[in-house]
There are 2 protein chains.
Amino acid sequence: MNQSTTVSPTDRTTIRRLPELANHDRATLHRIVDEAYVCHIAFGADDDTHCIPTAHWRSGDYLYIHGSNGSRMIKALSAGAQACIAMTLLDGLVLAKSAFSHSMNYRSVVVYGRFEPLQASADKLAALDAFMDKIARGRKHEARPGNGKEINATSVLRISLAEAAVKVSASLPSDKPEDLELAVWAGVLPLRMAHAMPIPAETNGSVAVPDYVTGWAD
Amino acid sequence: MNQSTTVSPTDRTTIRRLPELANHDRATLHRIVDEAYVCHIAFGADDDTHCIPTAHWRSGDYLYIHGSNGSRMIKALSAGAQACIAMTLLDGLVLAKSAFSHSMNYRSVVVYGRFEPLQASADKLAALDAFMDKIARGRKHEARPGNGKEINATSVLRISLAEAAVKVSASLPSDKPEDLELAVWAGVLPLRMAHAMPIPAETNGSVAVPDYVTGWAD
């Protein structure tokens, strides 16, 4: 595979615990980042290590976040603090016959690097349009776009996905040979993010209901 | 309310962005920690800030994790590194009439502190029993318990939940008055963690299926 389709581990992203779960496929990395709505960003500021949840989206090989100019995290990351970002999609509980062989099925991404703030309003608007496309495709043409005041008060930052560790666990329980005959139920209790019935605001009046709303619920 | 039912913010856990979402109810904190299976732990080691996903559970006012003695995170946290832990339960996408008023409904916890490793095997076993109870109530009496070798190879660490920030967003979209008449659908697209049909291992034979398996799927 050429470089654009794989993730080459660095010293920081070489997976040492359960290395057999490491995944070096860039498409898998992108799918996990796209499916997760929220990531957790670690950074140092004011002599402390912080870990803050925030919404994210992806364009190309960059992960984007946004926030108020005045937020501590936005200020620290805009100033170039080294960041580490983690997100996890939990797919199930794996019940083995022995207590210590229990595990979970999940897909996780951990990214190392430094964010860079977007400077031009046009770049910020284009990035925020991509965010809206992730939330609901086509909605960027419906919602009232951001005005100058709103855009100026908002920071948009991006970080390269070049230095990322991807881990995928998707398996049935794996017990030691001597435990396989135990009379204990083993298997997977699957979890998945479900879509429930949309809740309309009271201000909709006779507004047409978009397809991404009527098609939302599972 | 007395101290045991509330979370008193420190300088690190005072919520400055959207302070109206701060929640100081200790029962809410416990419910979020109990409902989330995975947290993200930020810590410094080897000159870098890391953020690693890991399973967690709660007993009383402590959050517990476990891992291999040899893992970088376990070693750094056991040595007393300052940690910050974040977990997020995502409840929905909030679609407003203006792009900048879009938001998400979520429940998040951020904890600051330092972990302490449990020393006695009996304490580690009792803590791991509580983890098993979270995964499937009663299963600790069914699965083969950990033996000495397994317990010795595993670290169990706990951290106090005393310094925690809880944020709960559960609302319909909030648009500016001048946007309310726009012909744009507004409302919430709810998300929830669903339970799908259990997948049995091939090694179950005639083993009875426990209630927590038959009752798992939504």
Side-chain angles (χ1 to χ4, degrees), chain A residues 12 17 37-38 40 42-44 48-53 55 68 71 82 84-86 88 90 93 97-100 102 104 108 110 132 135 142-146 150 172-173 179-180 182-196 198-201 203-204 207 209-210 213 216, chain B residues 12 17 37-38 40 42-44 48-53 55 68 71 82 84-86 88 90 93 97-100 104 108 110 132 135-136 142-146 150 172-173 179-180 182-196 198-201 203-204 207 209-210 213 216:
Chain A
R12 292 194 291 200
R17 309 314 308 175
Y37 287 105
V38 172
H40 301 81
F43 62 97
D48 284 315
T49 299
H50 304 277
C51 191
I52 306 294
S68 164
S71 107
Q82 181 251 311
C84 185
I85 303 148
T88 311
L90 186 60
L93 311 179
K97 289 175 185 282
S98 87
F100 273 64
H102 281 61
M104 293 184 185
S108 70
V110 173
M132 191 70 92
I135 299 297
E142 302 164 4
R144 196 259 296 158
E150 290 167 334
L172 285 166
D179 290 327
L180 286 175
L182 294 174
V184 180
W185 189 90
V188 177
L189 302 181
L191 291 161
R192 69 178 177 84
M193 193 55 100
H195 294 186
I199 302 164
T203 53
N204 286 332
V207 171
V209 183
V213 176
W216 175 259
Chain B
R12 291 195 293 200
R17 310 315 308 175
Y37 288 105
V38 173
H40 301 81
F43 62 97
D48 283 316
T49 299
H50 305 277
C51 190
I52 305 295
S68 165
S71 105
Q82 181 251 312
C84 185
I85 303 147
T88 311
L90 187 59
L93 311 177
K97 289 173 185 282
S98 87
F100 273 64
M104 293 184 185
S108 69
V110 173
M132 191 69 92
I135 299 298
E142 302 165 5
R144 197 260 293 158
E150 290 168 334
L172 286 165
D179 290 327
L180 287 175
L182 294 174
V184 181
W185 189 91
V188 177
L189 302 180
L191 292 160
R192 68 178 178 86
M193 192 57 97
H195 295 187
I199 302 163
T203 54
N204 286 333
V207 171
V209 183
V213 176
W216 175 260

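Fair warning: this is a prediction, and the values are worked out from it, not measured in the lab. Residue numbers start from 1 in every chain, and the chains themselves are labelled A, B, ... in the order their sequence lines are given, proteins ahead of strands.
In terms of heavy-atom proximity, Pro190(A) sits nearest to Pro198(B) at CD-CA, 3.7 Å. Here the closest heavy-atom approach between residue Glu150(A) and residue Phe100(B) is recorded as O-CE2, 3.3 Å. Scanning both residues, His40(B) and Ala86(A), for their nearest heavy atoms gives CD2-CB, 3.6 Å. For Ala42(B) against His50(A), the heavy-atom pair with the smallest separation is CB-O, 3.6 Å. The two residues Trp185(B) and Pro210(A) come nearest to each other via the heavy atoms CB-CD, 3.5 Å.
Ranked by non-hydrogen atom pairs under 4.5 Å with chain A, the options Ser68(B), Gly44(B), Ser98(B) are led by Ser98(B). Between chain B and the options Leu172(A), Leu189(A), Val184(A), the largest number of non-hydrogen pairs under 4.5 Å is found for Leu189(A).
Of the atoms belonging to Leu90(A), heavy atoms from both backbone and side chain fall under 4.5 Å from chain B. Looking at Leu93(A), only its side chain comes within 4.5 Å of chain B, counting heavy atoms on both sides. For Thr88(B), the parts sitting under 4.5 Å from any heavy atom of chain A are the backbone and the side chain alike. In this structure, chain B has heavy atoms under 4.5 Å from both the backbone and the side chain of His195(A). Within the 4.5 angstrom heavy-atom criterion, only side-chain atoms of Met104(A), from C-beta onward, approach chain B. In this structure, the portions of Thr203(A) lying under 4.5 Å from any heavy atom of chain B include both its backbone and its side chain. The contact between Val188(A) and chain B is made by backbone and side chain atoms together, counting heavy-atom distances below 4.5 Å. Contacts between Val110(A) and chain B at a heavy-atom distance below 4.5 Å involve the side chain alone, from C-beta outward.
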